[in-house]
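Below is one structure, written out as structure tokens; the observations come after it.
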Amino acid sequence: MTPYVADPVYLNGQFLPLTEAQVSPLDRGFLYGDGVYEMIPVYSRRAFRLDEHLKRLEATLAGIKLGNPLDLVGWKAVVEKLIAAAPWDDQSIYLQVTRGADNKRDHAFPPATVAPTTFAFSSPLQAPTAEMRAQGVAAITVPDQRWARCDLKVTSLLANILARQQAVDAGCAEALLLRDGYLKEGTASNIFVVKNGVLLAPPKTQLMLPGITYDVVLELAQCHGQPLEIREINETELRSADEVWMTSSTKEILAITTLDGQPVANGKPGPVGEKMWQWYQDFKNTVMRKG
Ligand code: PDD
């Protein structure tokens, strides 16, 4: 069977086989989902935008008042060791920190003597298939039932999970989250819209995850002179869009060509998304695969 997690994994300062990695059932990640995570794509054994991912991890840890168990050098050493040991050239590195395991269950923070639990592993990068790229994917819209700090990349993801399962049950790849009539993002992706040649991006607020891929897309748009507006997108604009795309570290830039059973424009991936995908590949190849 193809392994989806490489050995060794990293747990609390040690590199060890997955089967030997043990966490207490009193861990607050298990009891409360009290933790944070990151997902970093790796191309040709080079971590993409590693500093930015580690900066977002730091911001999320600060947001939930949990100390960072490792400094930048420490995290980079963990990531590099996992990449080197894994059998795949293209990988995704998962990092997670929880508030650790106390000797009892109590909502309030445990004493400072309780160490956080730090876990990291590598998996093969699951990029979209050629067919998904060529046809685009289907999505549904659902009400955004998450909390009010969606800018933090926390492991408590139940509202995202329920919305994503609703999408899967409807034969779709993603659920787009609408709050008060405005598009925020997907359950595990940021969403962009194109109308009349202009790329529209929802602004970074506490109701959206500041995606690393989102930032790359904005940089590429600016660098290539692609007209861009960063502003709230309402439901009517979403439904009358010429193009809708999702972006994430694993999906890169992927067209959404069906929304709630209706075609987006002509139901095919559009030209601005195609250009952006190419700019993204070129950027990735120059930054990551040189040498
Ligand atoms: N998810 N919005 C949400 C809610 C996300 O979970 C993600 C990423 C993104 C895109 O962020 P980035 O471009 O930094 O990957 C936006 C990752 C892939 C995950 O949960 O596995």
Side-chain angles (χ1 to χ4, degrees), residues 4-5 29 33 35-43 47-60 63 79 90-97 119-128 132 137 139 141-168 173-179 182-193 201-221 230 233 244-254 256 276-277 279-280 283-284 287-288:
Y4 283 100
V5 171
V36 311
Y37 75 107
E38 271 300 325
M39 233 292 307
I40 306 158
V42 172
Y43 301 105
F48 186 60
R49 295 248 153 166
L50 181 57
D51 287 333
E52 288 80 357
H53 280 279
L54 293 176
K55 214 167 124 195
R56 185 172 65 184
L57 180 71
E58 177 80 38
T60 298
V79 169
D90 290 357
Q91 309 172 23
S92 59
I93 298 289
Y94 180 85
L95 311 177
Q96 177 174 310
V97 184
F119 179 46
F121 62 85
S122 169
S123 298
L125 189 67
Q126 305 276 346
M132 285 161 81
V137 295
T141 57
V142 297
D144 192 348
Q145 293 180 327
R146 300 173 303 163
W147 69 332
R149 288 305 307 275
C150 303
D151 56 320
L152 302 176
K153 200 163 175 62
V154 293
T155 55
S156 20
L157 286 168
L158 205 43
N160 306 56
I161 289 166
L162 292 173
R164 173 62 76 88
Q165 188 57 40
Q166 230 181 302
V168 169
E174 184 57 302
L176 275 45
L177 306 170
L178 297 172
R179 200 185 287 235
Y182 289 94
L183 167 68
K184 295 299 161 192
E185 59 182 327
T187 65
S189 59
N190 290 110
I191 305 295
F192 289 82
V193 160
K204 285 184 190 173
T205 67
Q206 292 192 345
L207 299 178
M208 182 187 101
L209 188 81
I212 305 301
T213 322
Y214 170 100
D215 278 341
V216 176
V217 166
L218 294 191
E219 284 171 34
L220 289 171
I230 300 171
I233 300 165
V244 179
W245 329 323
M246 57 193 276
T247 69
S248 79
S249 295
T250 48
K251 299 291 180 304
E252 300 188 335
I253 293 138
L254 185 61
I256 293 172
M276 186 56 75
W277 183 84
W279 292 334
Y280 194 86
F283 178 73
K284 214 170 78 180
V287 177
M288 309 306 299

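Side chains included, hydrogens not; waters and symmetry mates left out as well; all remaining heavy atoms used. One-based numbering, in listed order, for ligands and for the atoms of each.
For the pair T250 and ligand 1, the shortest N or O to N or O distance does not fall below 3.5 Å. For the pair E185 and ligand 1, the shortest N or O to N or O distance falls below 3.5 Å. Note: no N/O pair closer than 3.5 Å links M39 and ligand 1 by distance alone. Looking at ligand 1, you'll find an N or O of R56 within less than 3.5 Å of one of its N or O atoms. Geometrically, ligand 1 and S248 share no nitrogen or oxygen pair separated by less than 3.5 Å. Between T213 and ligand 1, at least one pair of N/O atoms sits closer than 3.5 Å.
Atom OG1 of T141 and atom CG of L183 lie 9.5 Å apart (nearest 0.5 Å).
Summarising the contacts of atom 17 (C) of ligand 1 with H53, M208, K153, the nearest heavy atom is found in K153.
Residue contact check for ligand 1: Y37 places a non-hydrogen atom closer than 4.0 Å to it. The closest approach between P41 and ligand 1 stays at or above 4.0 Å for every heavy atom of the residue.
Proximity of M208 to P202: side-chain heavy atoms (C-beta onward) are separated by under 4.5 Å at one or more points.
Heavy atoms only, all atoms of each residue included: V5 and S123 are closest at CG2-OG, 4.3 Å.
A salt bridge is absent between R49 and D51; no separation between the charged side-chain nitrogens and carboxylate oxygens falls under 4.0 Å. Note on E252 versus K284: salt bridge recorded, some NZ/NE/NH1/NH2 to OD/OE distance being below 4.0 Å.
Judged purely by distance below 3.5 Å, without hydrogens or angles, the side chains of S189 and E174 pair a donor atom with an acceptor atom.
Those atoms of ligand 1 that come under 4.0 Å of a heavy atom in G186, given as number and element, are 4 (C). Taking every heavy atom of T187 and a limit of under 4.0 angstrom, the matching atoms of ligand 1 come to 4 (C), 6 (O). Near S249, with a cut-off below 4.0 Å to any heavy atom, the atoms of ligand 1 are 12 (P), 13 (O), 14 (O), 15 (O). Taking a cut-off of under 4.0 Å to the non-hydrogen atoms of S189, the atoms of ligand 1 that pass are 2 (N), 3 (C), 5 (C), 7 (C), 9 (C), 16 (C). Residue G211 approaches ligand 1 through these ligand atoms, each under 4.0 Å from one of its heavy atoms: 11 (O), 12 (P), 13 (O), 14 (O).
Checking side-chain atoms of Q166 against main-chain N and O of A175 turns up no donor-acceptor pair under 3.5 Å. Counting only distance, with no hydrogens or angles, the side chain of T60 and the backbone of L152 share no donor-acceptor pair below 3.5 Å. Side-chain N or O atoms of D151 include none that pairs as donor or acceptor with a backbone N or O of P210 at under 3.5 Å.
Pairs of residues two or more places apart, or lying in two chains, that qualify as salt bridge (Lys or Arg N to Asp or Glu O under 4.0 Å) and include a residue from residues 202-218 are K204-D215.
Counting protein heavy atoms only, atom 6 (O) of ligand 1 is closest to A188 CA, 3.3 Å. Scanning the protein heavy atoms around atom 10 (C) of ligand 1, the nearest turns out to be N190 OD1, 3.6 Å.
Counting heavy atoms under 4.0 Å from ligand 1, residue L157 does not touch it at all.
Evaluation of the ring pair (Phe, Tyr, Trp, His ring centres under 6.0 Å) rule for F121 yields Y94, F119 as partners, not counting sequence neighbours.
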